[in-house]
Structure formats: structure tokens, C-alpha cells
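First listed ligand is number 1; within each ligand, the first listed atom is number 1. Bear in mind the structure is a predicted one, so any value in this text is a computation, not a measurement.
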Amino acid sequence: MKEALVFSNEVGAALMAGSPVVALESTLITHGFPYPANVETALAMEAAIREEGAIPATIAVLGGRIKIGLTKEEIELLAGLGQNGVRKCSRRDLPIVVGLRQYGATTVAGTMIVAHMAGIKVFATGGIGGVHRGHPQDASADLIELGHTPVTVVCAGAKSILDLSLTLEMLETQGVPILGYQTDELPAFYSRSSGLPIDQRVDTPEEVAAIAAARDALKLAHGVLVTVPVPEADELPAADAEQAIAEATRLADEAGITGKNVTPFVLGKVLELTNGRSQTANIAALVNNARVGARIALALSQ
Ligand code: PSU
Ligand code: MN
């Protein structure tokens, strides 16, 4: 269904020329942050990618058409529609939004699928979904997608709204290599360390590119997860993050929130409970990951 994919001129030309391109998700715009931080963050990630010499491709579904490379106006439009006007799209949602010509914001899973269809090898985001604390049956579609789709995903680990140990177990089962970018430990999103191991430390974009290239040469179809610690200056003290997360998770249970609504609900509560301080760490991680993603895309294009 090629006609469902629409490229911006810039991204289309970059892919044709074999120039480095970095995919970006749109769920963080509609379901992750309030306005105007959502628009500012999306644009700051794009700017960081350009500064490094790569082309950003933010992905979303606009009236049933999968757009690869949003304009500033399209980012504003999604932000304006928000959670109620835009469907959060993982794998199961894509046929619904395309078939019924709806608006959709792609999650990590949804963005990986589209990036792969489009021939984009690197995708930068904030936190991946995982296995929810206290609800081991609620495992994000992101984990399954990482097991099936050969895209390199750059993230800051996962938020400890998730059960990080169970999340690692599931990634292992799915066959996903977890790289620590200039770290020996899995980063826990707001904090630089979690005490949990990674599969391999890497120190340069070239090492990541070599691993992704070997995956392709071996014709293995899984993703590679690159975990990058949040910059030190913007780290949220682990105890503060933990307290807010525990309370937010409890409130979600109490309110009976389930399914795809859990992650946006908990993220919103954490923001309230930290008086917005979680947002500073969150934005710093996202922009830093965009930068690292661009460097990896450059290394892959050499
Ligand atoms: N974690 C974050 N911020 C986010 C998300 C996760 O710290 O914005 C979003 C991502 O789009 C991710 C999705 O793919 O939530 C996971 O949702 P679920 O747990 O319902 O699979
Ligand atoms: Mn879920």
C-alpha cells in the first residue's frame, strides 16, 4: 500500500540520495507532553538532528495518509488536536487509522514499522514502552516490534513507571541487543543508572553502526536498542522520580486506567507530582538522543 506513504520533499530527496535520516515519533507530541512544550520539544529534536548534519523525519498519520517528515504546521496541527483528536498508533492501530482516514500519532512500535517501510534505519525517542509495574500482562507492543523490525532505536532506557527487570527479560526473549551508549548500566530515563545490566557498552556511533550493519549482513530482522543516559546536568534525583512514579502508578490503579491509556495517564501524573521538573529531564534526554541518533545515522551512511 505504497500510496498510503507520503514523504516530505526534503526527506524523500535525502533517502533517494542515501543521506543520513533520523525518524522521530509523534505520540510524544499528542500524548506525552502538554502544549506548548510538546511542539517546542519536537522542533528542538529536529534542530539537533540538523545541527549534526542529518535530516529529521517526524512521522504521523494525517487523515489516513502516513506522512514521513512533518512540517512545523503539521506538528502544530497534531498538538492542537491532542489526545482526543488523534489516535495513539501502535501496530494494531495503523490499519484502522489508514483505512478509516483518521489522524494518528505513532508510538515507538508504530514509528519503527513506518521507518522500516520508508527505508529509515535510525529512530530517536525518549523512553520505550515496557512491562508495567504490577501488571506483567500489560507489555508494550514496542517490545514485540523491537524483536521483529530492523531499526536502530535510540532511547534513554525506560521510565521506571515500568518494571525494568521484566522489561529486560522480555527484550532478551525477543532477541533484542541492548547497547549502553557510554555507559555500563541500563539508564532509567530520569536517572543515569538503574543498577541493571546491558548487553554491551559502546562508546562511539561507529560501534553502533558496525553492530547494525552486522545484523543486516546476517539477515537478522530484529531491532537494536541503544540506551543513552540523560545528560548529567538535567538528571532528576532518583528518589524524587521514584516517589512521583509510585504515587502516579497507584493513582492509575485506583482510577481503573487500563490498556493504551496507562502510559499517558502516568506520564501526566508524574509531571504534576514533580511540579514540572520531570519535564526538564525528559526534554534534555529527547534532544540528546536526537543528537546521538544523527551521529549514528551519519556513521551508517559512510
Ligand atoms: N514513554 C515515555 N514517553 C512517551 C511514551 C513512553 O517516557 O511518550 C510513549 C511512546 O510513544 C511509547 C508509548 O512507544 O508511549 C508506549 O505506550 P504503551 O505503554 O501503551 O505501549
Ligand atoms: Mn500497555
Pair Glu207 + Arg201, salt bridge at N-O below 4.0 Å: no
Check each atom of ligand 1 against the heavy atoms of Glu25 and keep those under 4.0 Å away; list them by number with element. 10 (C), 11 (O)
Ligand 1 contact on Leu267 by region, counting heavy-atom pairs under 4.0 Å: side chain
One should read off an interatomic distance between Leu166 CG and Asp138 CG, to the nearest 0.5 angstrom, of 12.0 Å
Are any of the side-chain nitrogens in Lys269 or Glu247 under 4.0 Å away from the carboxylate oxygens of its partner? no
Which is it for Thr263 and ligand 1 at heavy atoms under 4.0 Å: side chain, backbone, both or neither? side chain
From Lys260, Glu145, Lys88 - option closest to atom 17 (O) of ligand 1 by heavy atom: Lys88
To the nearest 0.5 Å, what is the distance between CZ on Phe265 and CG on Asp253? 9.5 Å
Heavy-atom count check: over 12 atoms from other residues, nucleotides or ligands less than 6.0 Å from Lys121 NZ? no
Heavy-atom proximity to atom 5 (C) of ligand 1 ranks first, among Ser26, Gly32, Gly127, for Gly127
Please could you name the atoms of ligand 1 that Lys159 approaches to less than 4.0 Å, counting only its heavy atoms? 2 (C), 3 (N), 7 (O)
Would you say Asp163 and His135 are linked by a side-chain donor-acceptor pair, where the criterion is simply a distance under 3.5 Å? no
So for atom CZ, which belongs to Arg101, do other residues, nucleotides or ligands contribute more than 12 heavy atoms lying within a distance under 6.0 Å? no
Quick one: look up the protein heavy atom nearest atom 21 (O) of ligand 1 and list residue, atom name and how far away it is. Ser140 OG, 2.6 Å
Structural part of His31 in contact with ligand 1, heavy atom criterion under 4.0 angstrom: neither
Can you find a non-hydrogen atom of His132 under 4.0 Å from ligand 1? yes
Any nitrogen or oxygen of Gly129, side chain or backbone, less than 3.5 Å from one on ligand 1? no
Among all protein heavy atoms in this structure, tell me which lies nearest to atom 12 (C) of ligand 1, with the distance rounded to 0.1 Å. Asp142 OD2, 3.4 Å
Side chains of Glu46 and Thr58, donor plus acceptor under 3.5 Å: yes
For ligand 1, which part of Thr27 has a heavy atom less than 4.0 Å away: the side chain, the backbone, both, or neither? side chain
Are there over 12 heavy-atom neighbours, none belonging to Gln302, within less than 6.0 Å of that residue's CD? yes
Looking only at the side chains, is there a donor atom on one of Gln83 and Thr30 sitting less than 3.5 Å from an acceptor on the other? no
Under 2.8 Å from the Mn ion (ligand 2), which protein N/O/S atoms are there? Asp138 OD1
Is a donor from one side chain sitting under 3.5 angstrom from an acceptor on the other, for Thr107 and Thr27? no
Could you please spell out the steps behind the side chain to side chain contact (heavy atoms under 4.5 Å, CB included) verdict for Arg291 and Arg295? CA-CA 6 Å; Arg291 212 172 270 294; Arg295 290 180 187 158; 4.0 Å; yes
